[in-house]
There are 2 protein chains.
Amino acid sequence: MIKLLPAHIVREVLLKKLSQTPLFKGLPDSDLEQVLEYAIPTRLDAEAYFFHQGTPAQHVYILLEGQIKVLQLTPEGQQVVMRMVDPIEIFGCVAALSGGEYPGSALATKACQALALPHGDIIKLMGRFPQLAINAFQIMVKRTHELQDRYLELATETVEKRLAHALLRLLEKNAVETPNGTLIDMPLSRQDLAEMVGSTLYTISRILSAWENKGRVKSGREQITILDLAWLESLAQD
Amino acid sequence: MIKLLPAHIVREVLLKKLSQTPLFKGLPDSDLEQVLEYAIPTRLDAEAYFFHQGTPAQHVYILLEGQIKVLQLTPEGQQVVMRMVDPIEIFGCVAALSGGEYPGSALATKACQALALPHGDIIKLMGRFPQLAINAFQIMVKRTHELQDRYLELATETVEKRLAHALLRLLEKNAVETPNGTLIDMPLSRQDLAEMVGSTLYTISRILSAWENKGRVKSGREQITILDLAWLESLAQD
DNA sequence: CGTTGACTTGATTTCAGTCAATATCCGTGG
DNA sequence: CCACGGATATTGACTGAAATCAAGTCAACG
């Protein structure tokens with residue numbers, strides 16, 4: 001139960017912000033404050049790991065700033081991106097089950113700030129503040145739902161359509177309008193995209209080239225600009 | 001709040017059984033009884049549906065007897081089996097989110113008995129009995145975990161290995177030892193298996209034929225017997 | 001200015017899907 | 001009891017999407 005929380009004023013801001021997250025929504029401030037007694041503020045530079053696959057699951061995290069990517073590695077060394085985590089989302093939920101290991105690794109793609117809730121305290125807190133448990137449950141239901149969608153995609157759609165879907169999902173959280181098109185505001189290599197859709201960098205490169213020839217996107221080194229958003233959406237549709 | 005619960009004695013048995021399910025584990029009997037006030041007993045014949053994809057999500061279900069399969073249909077009409085549900089598991093969890101639609105259909109593969117908890121009451125009950133919310137949360141964490149495993153499989157493994165994994169999963173719940181091998185105790189067509197692993201009945205048929213030639217399995221019309229379980233496990237491994 | 005990492009492109013291969021023909025099993029009704 | 005029809009399964013031939021392998025180009029950076 002380490003206490004490293006910032007000073008009083010900052011704390012007020014944090015409280016306000018947290019009370020709007022899916023996890024803490026509906027919790028009275030007084031309860032939230034008690035929860036925060038257990039929270040360990042955590043900062044990480046880009047390219048650092050919150051945790052590694054196979055290590056004992058000790059904390060559930062709430063991301064406050066930055067972005068992380070949850071990776072899973074197959075025995076053969078193939079890497080798959082399970083999800084991208086943006087601020088106010090939670091990750092490392094397996095830690096809420098006793099005695100498990102993290103099934104994947106959490107890599108910061110930008111500098112990050114997060115709160116860590118120790119494995120032993122979470123369930124206790126949920127028992128004390130039912131709203132917390134309800135919120136967590138609903139978050140997981142939604143997550144399962146999203147994962148099912150991606151499973152269905154993977155099982156039935158071509159790489160091209162999956163890539164379209166993946167880009168649209170990234171746009172939801174990272175879109176930046178520029179004079180010439182919508183930019184995805186994060187470093188994004190062909191390899192990264194391949195791992196997100198379950199493909200190879202070669203195939204992704206070919207598809208992007210084809211799209212570029214059609215004038216629908218503009219892609220450079222680790223960045224992609226969508227020129228024709230409507231077209232991308234219709235591609236993802238049918 | 002319809003009350004169709006069976007007579008007193010039967011109710012005692014039901015209570016005892018329910019108190020051991022993952023969802024109700026740790027709830028005092030008195031609390032559980034209150035929860036059951038809201039539960040609607042539901043019976044269904046084999047081949048009937050608990051709910052259909054796209055209809056408003058009105059109930060969360062706890063399966064007591066039988067088996068169901070949760071299907072998802074793509075716009076193009078391709079069918080994918082999201083999961084098999086066995087007794088004491090819950091399904092239709094999206095109903096715990098307000099205002100959604102079922103993302104898939106729930107088909108009874110055997111005659112079933114289940115309890116339905118109305119959409120409006122679940123969250124209320126969880127607020128009253130925190131243990132219920134905690135259990136539900138943990139169930140969903142586990143489910144997400146399992147789904148991630150299957151996602152990884154689908155993204156990186158061949159149909160043959162995926163089939164091996166799928167059969168092993170089915171064996172966990174439906175294994176019956178016979179004089180000559182371990183039988184999977186449920187009707188299981190090539191088409192069913194194809195939908196479970198994201199493939200086609202043709203490919204499944206070829207793989208099973210090959211396995212049969214090697215003397216590892218014995219497969220007939222809608223049934224499969226594993227002759228060499230150790231071999232199947234090692235196939236699934238690497 | 002050479003090295004490195006990201007990307008592209010072509011050639012080839014492979015896994016698995018599609019299509020088509022046939023076989024097998026099983027219940028049903030004449 | 002047997003023949004029929006429909007579901008289920010097998011098998012072969014073909015096709016196609018995407019992985020793999022192999023050369024490259026290009027841009028950034030020390």
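Here is how names work: the chains are called A, B, and so on, in the same order as the sequence lines, proteins then strands, and each is numbered from 1. No experiment lies behind these values; they were computed from the predicted model shown.
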If you check the B:Ser219 side chain, which of D:dT10, C:dG17, C:dT9 turns out closest? D:dT10
Below the 4.0 Å mark, does D:dA17 have OP1 or OP2 next to a side-chain nitrogen or oxygen of A:Thr158? no
Would you say the side-chain atoms of B:Gln191 and B:Glu195 include a donor-acceptor pair closer than 3.5 Å? yes
Starting at CD of A:Glu76 and ending at C1' of D:dT20, how long is that distance when rounded to a whole Å? 16 Å
In whole angstrom, what separates A:Ile207's CD1 from C:dT9's C1'? 14 Å
If the cut-off is 4.0 Å, is B:Ser209 near the phosphate of D:dT11, judged by side-chain N/O to OP1 or OP2? yes
Could you tell me the separation between the CG atom of A:Leu201 and the C1' atom of C:dG10, rounded to a whole number of Å? 15 Å
Remember a base hit wins even if backbone is also touched, and classify A:Arg190 as base, sugar-phosphate or nothing at under 4.0 Å, heavy atoms. sugar-phosphate
OP1 or OP2 of D:dT10 versus the side-chain N and O atoms of B:Ser205: is any pair under 4.0 Å? yes
Would you say the side chain of B:Arg221 and the base of D:dA7 hold a donor-acceptor pair, judged only by whether the two atoms sit under 3.5 Å apart? yes
For the pair made of OH in B:Tyr202 and P in D:dT11, what is the distance, rounded to whole Å? 14 Å
I need the CD-C1' distance between A:Glu212 and C:dA6, as an integer number of Å. 14 Å
Exceeds 12 heavy-atom contacts within 6.0 angstrom, atom NZ of B:Lys161: yes
Against the side chain of A:Arg206, the closest entry in C:dT9, C:dG17, C:dT8 is C:dT9
Report yes if a side-chain nitrogen or oxygen of A:Thr200 is closer than 4.0 Å to either non-bridging phosphate oxygen (OP1 or OP2) of D:dA19; otherwise report no. yes
Ignoring hydrogens and angles, state whether a donor on the side chain of A:Thr156 or B:Thr74 is under 3.5 Å from an acceptor on the partner side chain. no
What is the distance, rounded to the nearest whole Å, between atom CG of A:Asp192 and atom P of C:dG5? 15 Å
Could you check whether the rings of A:Phe91 and A:Tyr61 sit parallel, tilted or perpendicular, using 30° and 60° as the cut-offs? parallel
Reckon B:Thr203 has a side-chain N or O less than 4.0 Å from the OP1 or OP2 of C:dG17? yes
Protein-nucleotide distance (B:Trp211, atom CH2; D:dA9, atom C1'), rounded to Å: 17 Å
Calculate the interatomic distance between A:Gln78 atom CD and D:dT20 atom P; express it in whole Å. 7 Å
Under 3.5 Å, is there a donor on one side chain and an acceptor on the other for A:Glu212 and A:Ser219? yes
